[in-house]
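Each chain gets a letter, A, B and so on, in the order the sequences are listed, and its residues count up from 1. Since this is a predicted model, take the numbers as computed values, not measurements. Side chains included, hydrogens not; waters and symmetry mates left out as well; all remaining heavy atoms used.
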Protein chains: 2
Amino acid sequence: MEKGKDMLPLTEAFYYILVALYVEPSHGYGIMQEAERMSGGRVKIGAGTLYTALNTLLGRGVIDNYPVPEGTDSRRKMYAITDEGRAVVRAEISRLEELLKSGKQALSIGEERGT
Amino acid sequence: MEKGKDMLPLTEAFYYILVALYVEPSHGYGIMQEAERMSGGRVKIGAGTLYTALNTLLGRGVIDNYPVPEGTDSRRKMYAITDEGRAVVRAEISRLEELLKSGKQALSIGEERGT
DNA sequence: TATTAATATACAGACATACGATATATCGAC
DNA sequence: GTCGATATATCGTATGTCTGTATATTAATA
């Protein structure tokens with residue numbers, strides 16, 4: 001129980017990588033682009049960050065290598081999220097919701113008093 | 001414009017400190033307790049983390065020293081959030097909402113396909 | 001008054017991530 | 001057959017936060 005909670009909070013890079021893979025297995029370059037797309041262009045994961053992060057995530061067992069479909073660009077290496085990885089994403093989403101709840105409440109109280 | 005965006009994302013400690021001060025000025029120990037309360041006991045900001053963070057935040061101009069009300073425990077030093085700090089909190093909340101949006105969408109798509 | 005709890009602060013080391021640079025290599029298009 | 005985009009990888013460095021530890025002071029209370 002409570003597995004993987006020890007890697008929270010996730011950095012933005014880790015988060016978007018896992019979220020991208022939650023949808024479907026993909027390869028490094030595709031993850032990069034997907035992260036940028038999902039964030040509306042705000043988050044650009046550079047090559048150095050990405051491949052280092054992928055190795056870290058592999059080592060922690062939250063992602064796995066995934067067989068490359070036949071006829072695919074031979075350079076590609078594909079990755080898939082594991083069950084543990086899915087649990088980490090869900091836990092992180094819970095955490096984000098908690099942060100947001102506190103933050104929004106503070107906003108509304110704070111606005112009442114000062115400006 | 002776009003002020004303070006360069007300190008995003010905020011760490012949990014920074015976030016809760018700023019959120020606590022968004023509600024009202026407070027002192028170090030009070031912030032500690034408020035963060036723990038807001039997070040339902042999950043986030044405990046240690047002394048080392050707290051005072052280091054307060055200094056960092058002071059240096060960045062997102063919080064300020066605040067006059068201690070008369071008759072208050074003389075040890076206390078109080079802190080208040082600045083306008084810039086408020087802007088940072090709002091920007092961070094927007095960022096969190098964006099993350100959450102991507103994450104939740106991925107969850108629903110991801111569940112449709114695999115388990 | 002002795003003791004404990006509350007409060008405040010500083011510092012050093014551990015640790016991790018981000019980033020830029022660099023190096024290869026393959027693919028597709030022209 | 002050259003060129004630009006795609007694709008993977010590593011290395012070193014910069015940066016920053018967390019944690020633990022140590023130290024003090026004040027307030028409360030026994």
Polar atom pairs (N or O), protein with nucleotides 27-30 of chain C, under 3.5 Å:
{"residue": "dC27(C)", "atom": "OP1", "partner": "Ser74(A)", "partner atom": "OG", "Å": "2.8"}

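Residues Ser39(B) and Glu98(A) form a side-chain contact, since some pair of their non-hydrogen atoms from C-beta on lies under 4.5 Å apart. The shortest distance between side-chain heavy atoms of Val89(A) and Leu21(A) does not fall below 4.5 Å. The closest side-chain heavy-atom distance from Glu84(B) to Met7(B) is not below 4.5 Å.
Between Tyr79(A) and dT8(D), a side-chain N or O to OP1/OP2 separation shorter than 4.0 Å is absent. In this model, the phosphate group of dT9(C) is approached by a side-chain N or O of Lys77(B) to a distance below 4.0 Å at OP1 or OP2.
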Practice task
Applying salt bridge (charged side-chain N to carboxylate O under 4.0 Å, His left out), run through Arg86(A) and Glu111(B) and close with a yes or a no.
Solution key: CA-CA 10 Å; Arg86(A) 274 181 267 267; Glu111(B) 307 301 356; over 6 Å; no

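Among the atoms of the strands shown, only primed sugar atoms or phosphate atoms (P, OP1, OP2) are found under 4.0 Å from some heavy atom of Ala13(B). Across all strands shown, Thr11(B) has heavy atoms under 4.0 Å from sugar-phosphate atoms exclusively, and none from any base.
Counting only heavy atoms from C-beta on, Arg76(A) has its side chain closest to dA7(D) among dA7(D), dA8(C), dA9(D). Nearest to the side-chain atoms of Tyr51(A) among the listed nucleotides dT19(D), dA7(D), dA8(C) stands dA7(D). Taking only side-chain atoms of Thr52(A), from C-beta outward, the nucleotide of dC11(D), dT8(D), dT19(D) with the closest atom is dC11(D). The side chain of His27(B) lies closest to dA8(C) when the candidates are dA8(C), dT9(C), dC19(C). Among the nucleotides dA6(C), dT9(C), dT19(D), the one closest to any side-chain atom of Tyr29(B) is dA6(C).
We find that CG of Asn55(B) is positioned 15 Å from C1' of dC18(D), with the value rounded to whole Å. Across the protein-nucleic acid pair, Gln33(B) atom CD and dA5(C) atom C1' stand 12 Å apart, rounded to whole Å. Glu34(A) has its CD atom 14 Å from the P atom of dA7(D), to the nearest Å. Look at CG on Leu10(A): it is 14 Å from C1' on dA16(C), rounded to the nearest Å. Whole-Å rounding puts the Glu12(A) CD to dT17(C) C1' distance at 13 Å. As rounded to whole Å, 13 Å separates atom P of dA8(C) from atom CD1 of Ile17(B). Atom pair Leu58(B):CG and dA8(C):P shows a separation of 14 Å (rounding to whole Å applied). Taking atom CG on Leu54(B) and atom P on dA8(C), their separation rounds to 10 Å, with Å as the unit.
Comparing Arg60(B) and Gly48(B) by the nucleotide of DNA chain D that holds the closest heavy atom to each, the one mapping nearer the 5' end is Arg60(B).
The residue from Met32(A), Lys77(A), Arg76(A) that alone fulfils the side-chain contact (heavy atoms from CB on, under 4.5 Å) condition with His27(A) is Arg76(A).
Side-chain atoms of Arg90(A) and Tyr22(A) include a donor-acceptor pair closer than 3.5 Å.
Salt-bridge annotation for Arg42(B) and Glu12(B): present, with a side-chain N of the basic residue lying under 4.0 Å from a carboxylate O of the acidic one.
Remark: the backbone N or O of Val62(A) is paired with a side-chain donor or acceptor of Thr82(A) at under 3.5 angstrom.
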